[in-house]
Enquirer: 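Once you've had a glance at the structure underneath, I'll fire off some questions.
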Amino acid sequence: MTESSSLGRPDRNLALELVRTTEAAALAAARLVGMGDKIAADQAAVDAMRIVLETVSMDGVVVIGEGEKDEAPMLYNGEHIGDGSSPSVDIAVDPLEGTTLTAKGMPSALSVIALAPKGTMFDPGPCFYMAKLAGGEDIADLLDLDRPLADTLRLIAKRKSIDIRDVMVVVLDRPRHDEGIAEIRDAGARVRLISDGDVSAALLAASPNTPVDLLWGIGGTPEGVISAAALKCIGGSLVGRLWPRDETERTAAIAAGYDLDRQLTKDDLVTGDDCFFSATGVTDGDVLQGVRYQGQRSATTESLVMRSRSGTVRRIMATHNRDKLRGYHGERYG
């Protein structure tokens with residue numbers, strides 16, 4: 001097996017094995033939707049995902065573990081997962097993207113995981129955040145963090161043959177984005193604010209036939225790497241730039257050799273062209289339907305499962321027997 005090309009013959013099963021991991025995490029977290037405890041929801045998702053990951057035929061190492069950022073329960077960076085057999089792979093994981101969304105019963109919480117050959121996922125080092133632009137293939141060449149945002153919006157409107165008033169930009173609702181939001185609105189474009197979940201937002205911006213044209217703003221580097229893997233599979237483009245939060249982080253990044261002026265493409269964040277991505281909805285959203293309960297004994301999930309090398313994109317609707325799941329994994333699926 002070569003790391004830069006194929007994961008080898010066994011990898012054909014990895015897509016469906018990965019969706020079992022996100023389904024498990026989503027089912028576990030969904031029992032805590034609306035309960036006001038984001039830490040418990042995150043822990044439930046992590047525990048359920050880890051149980052399934054241990055059975056997957058791979059020698060995986062977590063290189064992006066979302067919990068590193070906020071000291072939440074985590075699949076931690078450097079953790080070995082899988083049964084130890086080939087192929088050797090990098091894992092980027094967020095068992096519950098949208099812990100606050102889940103706790104408050106709000107839309108668009110997901111369980112996500114991405115996988116690529118060993119050594120092909122970007123390590124952001126000390127930088128927990130990055131500036132990002134993401135959109136569909138039709139505007140890939142227009143994504144440039146050095147160009148004034150208003151100019152980019154006008155170019156997008158021209159490319160899509162629409163009025164700039166029809167351009168919609170999805171942005172995390174954070175004080176750091178106030179100036180950019182004002183610039184978007186002053187240019188005549190519209191803003192969709194989200195409280196959390198910029199992997200879901202990147203998918204929305206890159207997918208055809210959605211109300212969103214562009215993702216803009218500063219979000220987590222883990223989400224940036226996971227989004228890059230997703231967009232390599234589904235199509236679309238992303239550019240990002242590391243965004244140190246303070247001088248200490250900036251100094252550490254420069255000392256570690258990071259170029260803080262460089263614009264990173266999706267191919268910089270996930271090199272090669274053989275990665276997998278799986279996401280399962282926890283709460284209903286624009287991208288995926290959340291977990292739904294059918295009486296006491298069954299639950300349904302919707303998942304998006306993709307592979308970059310083949311270009312295959314699957315939407316999987318699954319019905320789960322809750323009694324049998326409890327028999328395997330305990331009351332977390334109650």
Enquirer: Would Val61 and Val46 show up in the same hydrophobic cluster when neighbours are defined by side-chain heavy atoms closer than 4.5 Å?
Expert: no
Enquirer: Does any part of the side chain of Met121, heavy atoms only, come nearer than 4.5 Å to the side chain of Leu269, both counted from C-beta?
Expert: no
Enquirer: Taking all heavy atoms of Ala24 and all of Val52, pick out the closest pair and write down the distance.
Expert: CB-CG2, 3.6 Å
Enquirer: Taking all non-hydrogen atoms of both residues into account, name the closest pair between Leu101 and Ser195 and its distance.
Expert: CD2-OG, 3.1 Å
Enquirer: Give, for atom CZ of Arg50 and atom OG1 of Thr55, the distance between the pair rounded to the nearest 0.5 Å.
Expert: 13.5 Å
Enquirer: Ile194, Ile184: one ILVMFWY side-chain cluster at the under-4.5 Å cut-off?
Expert: no
Enquirer: Please check if the side chain of Asp90 supplies one atom and the backbone of Val63 the other of a donor-acceptor pair under 3.5 Å.
Expert: no
Enquirer: Report yes if the side chains of Val287 and Thr210 come closer than 4.5 Å at any heavy-atom pair, otherwise no.
Expert: no
Enquirer: Shortest non-hydrogen contact from Ala30 to Val291?
Expert: CB-CB, 3.6 Å
Enquirer: By the definition side-chain contact (heavy atoms from CB on, under 4.5 Å), identify the one residue from Val171, Leu204, Leu215 that meets it with Arg192.
Expert: Leu204
Enquirer: Honestly, is Arg31 close enough over Tyr293, meaning NZ or CZ under 6.0 Å from the six-membered ring centre and within 45° of the axis?
Expert: yes
Enquirer: Can you name the closest pair of heavy atoms from Ile234 and Ser207 and give their distance?
Expert: CD1-OG, 3.7 Å
Enquirer: Go through the side-chain N and O atoms of Thr301 and His320 and say whether any donor and acceptor fall under 3.5 Å apart.
Expert: yes
Enquirer: Test your reading of the model: is there a side-chain donor-acceptor pair from Arg322 to the backbone of Gly295, 3.5 Å cut-off?
Expert: yes
Enquirer: Given side chain to side chain contact (heavy atoms under 4.5 Å, CB included), test Leu18 with Leu115 step by step and report yes or no.
Expert: CA-CA 9 Å; Leu18 288 181; Leu115 177 154; 4.0 Å; yes
Enquirer: Quick one: do the Thr22 and Thr280 side chains pair a donor with an acceptor below 3.5 Å?
Expert: yes
Enquirer: Where do Ser57 and Leu14 come nearest, in terms of heavy atoms and distance?
Expert: O-CD2, 3.9 Å
Enquirer: Asp163: which residues meet the salt bridge (charged side-chain N to carboxylate O under 4.0 Å, His left out) condition with it, sequence neighbours left out?
Expert: Arg165
Enquirer: Taking atom CG of Leu153 and atom CG of Leu214, what is their separation to the nearest 0.5 Å?
Expert: 6.5 Å
Enquirer: Salt-bridge test for Arg292 and Glu302: reply yes if a basic N is under 4.0 Å from a carboxylate O, no otherwise.
Expert: no
Enquirer: Mind running side chain to side chain contact (heavy atoms under 4.5 Å, CB included) on Asp94 and Ile113 for me, showing each step along the way?
Expert: CA-CA 6 Å; Asp94 192 349; Ile113 190 169; over 6 Å; no
Enquirer: With heavy-atom distances below 4.5 Å as the criterion, would you say the side chains of Ile81 and Val62 are in contact?
Expert: yes
Enquirer: What is the distance from atom CZ of Arg315 to atom OG of Ser303, rounded to the nearest 0.5 Å?
Expert: 10.0 Å
Enquirer: Could you go step by step and tell me if Leu304 and Leu288 meet the side chain to side chain contact (heavy atoms under 4.5 Å, CB included) rule?
Expert: CA-CA 8 Å; Leu304 188 63; Leu288 288 168; 4.2 Å; yes
Enquirer: Any side-chain to backbone donor/acceptor pair from Arg176 onto Ile218? Under 3.5 Å, distance only.
Expert: yes
Enquirer: With rounding to the nearest 0.5 angstrom, report the SG to CE distance, Cys275 to Met306.
Expert: 8.5 Å
Enquirer: Using the rule that Ile, Leu, Val, Met, Phe, Trp and Tyr join whenever any side-chain heavy atoms are under 4.5 Å apart, tell me whether Leu242 and Trp216 fall into a single cluster.
Expert: no
Enquirer: Tell me whether Asp59 is salt-bridged to Lys118, with the criterion being a basic N under 4.0 Å from an acidic carboxylate O.
Expert: no
Enquirer: Could you tell me whether a side-chain N or O of Arg245 sits under 3.5 Å from a main-chain N or O of Phe128, the two making a donor and an acceptor?
Expert: no
Enquirer: For the backbone of Asn321 and the side chain of Ser298, can you confirm whether one donor and one acceptor N or O come within less than 3.5 Å of each other?
Expert: no
Enquirer: Which heavy atom of Glu23 sits nearest a heavy atom of Ala318, and at what distance?
Expert: OE2-CB, 3.6 Å
Enquirer: Between Asp274 and Lys232, does any NZ, NE, NH1 or NH2 come within less than 4.0 Å of an OD or OE carboxylate oxygen?
Expert: no
Enquirer: Looking at Gly125, is its backbone amide N or carbonyl O close enough to the side chain of Tyr258 to form a donor-acceptor pair, meaning the two atoms are under 3.5 Å apart?
Expert: yes
Enquirer: Backbone N or O of Ser108 within a donor-acceptor pair of the Thr283 side chain at under 3.5 Å?
Expert: yes
Enquirer: Determine, stepwise, if the pair Phe122 / Leu264 fulfils side chain to side chain contact (heavy atoms under 4.5 Å, CB included).
Expert: CA-CA 10 Å; Phe122 180 77; Leu264 301 162; 3.9 Å; yes
Enquirer: Are Val239 and Leu231 linked, directly or through intermediate hydrophobic residues, by side-chain heavy-atom contacts shorter than 4.5 Å (ILVMFWY only)?
Expert: no
Enquirer: Would you compute the distance between atom CG of Leu96 and atom CD1 of Ile39 and round it to the nearest 0.5 angstrom?
Expert: 10.0 Å
Enquirer: Are the charged groups of Lys104 and Asp196 less than 4.0 angstrom apart, N to O?
Expert: no
Enquirer: Between Asp198 and Lys132, is the closest basic N to carboxylate O distance under 4.0 Å?
Expert: yes
Enquirer: Any non-hydrogen side-chain atom of Ile64 less than 4.5 Å from a side-chain atom of Pro124?
Expert: yes
Enquirer: Please check: side-chain N/O of Glu183 versus main-chain N/O of Glu179, any donor-acceptor pairing under 3.5 Å?
Expert: no
Enquirer: Return yes if some donor-acceptor pair links the side-chain N/O of Thr271 with the main-chain N/O of Asp268 below 3.5 Å, else return no.
Expert: no
Enquirer: Do any N or O atoms from the side chain of Arg20 and from the backbone of Leu53 form a donor-acceptor pair under 3.5 angstrom?
Expert: no
Enquirer: Side-chain donor-acceptor pair under 3.5 Å between Arg307 and Thr312, yes or no?
Expert: no
Enquirer: Is there a side-chain contact between Leu75 and Pro95, using heavy atoms and a 4.5 Å cut-off?
Expert: yes
Enquirer: Do Ser85 and Asp83 have a side chain donor and acceptor closer than 3.5 Å?
Expert: yes
Enquirer: First locate atom OG1 of Thr99, then atom CG of Leu32, and finally report the distance between them rounded to the nearest 0.5 Å.
Expert: 12.0 Å
Enquirer: Could Asp166 and Lys160 be called an ion pair, given the rule that one side-chain N must be under 4.0 Å from one carboxylate O?
Expert: no
Enquirer: With a 4.0 Å cut-off, would you call Lys38 and Glu97 a salt bridge?
Expert: no
Enquirer: Can you confirm whether Pro107 sits close enough to Asp284 that some side-chain heavy atom of one is under 4.5 Å from a side-chain heavy atom of the other?
Expert: no
Enquirer: Given the rule that I, L, V, M, F, W and Y join up when any side-chain heavy atoms are under 4.5 Å apart, are Phe276 and Val89 in one cluster?
Expert: yes
Enquirer: In the structure I gave you, are the side-chain heavy atoms of Ile139 and Leu142 within less than 4.5 Å of one another anywhere?
Expert: yes
Enquirer: A side-chain contact here means heavy atoms from C-beta on lying under 4.5 Å apart; do Pro117 and Ser88 qualify?
Expert: no
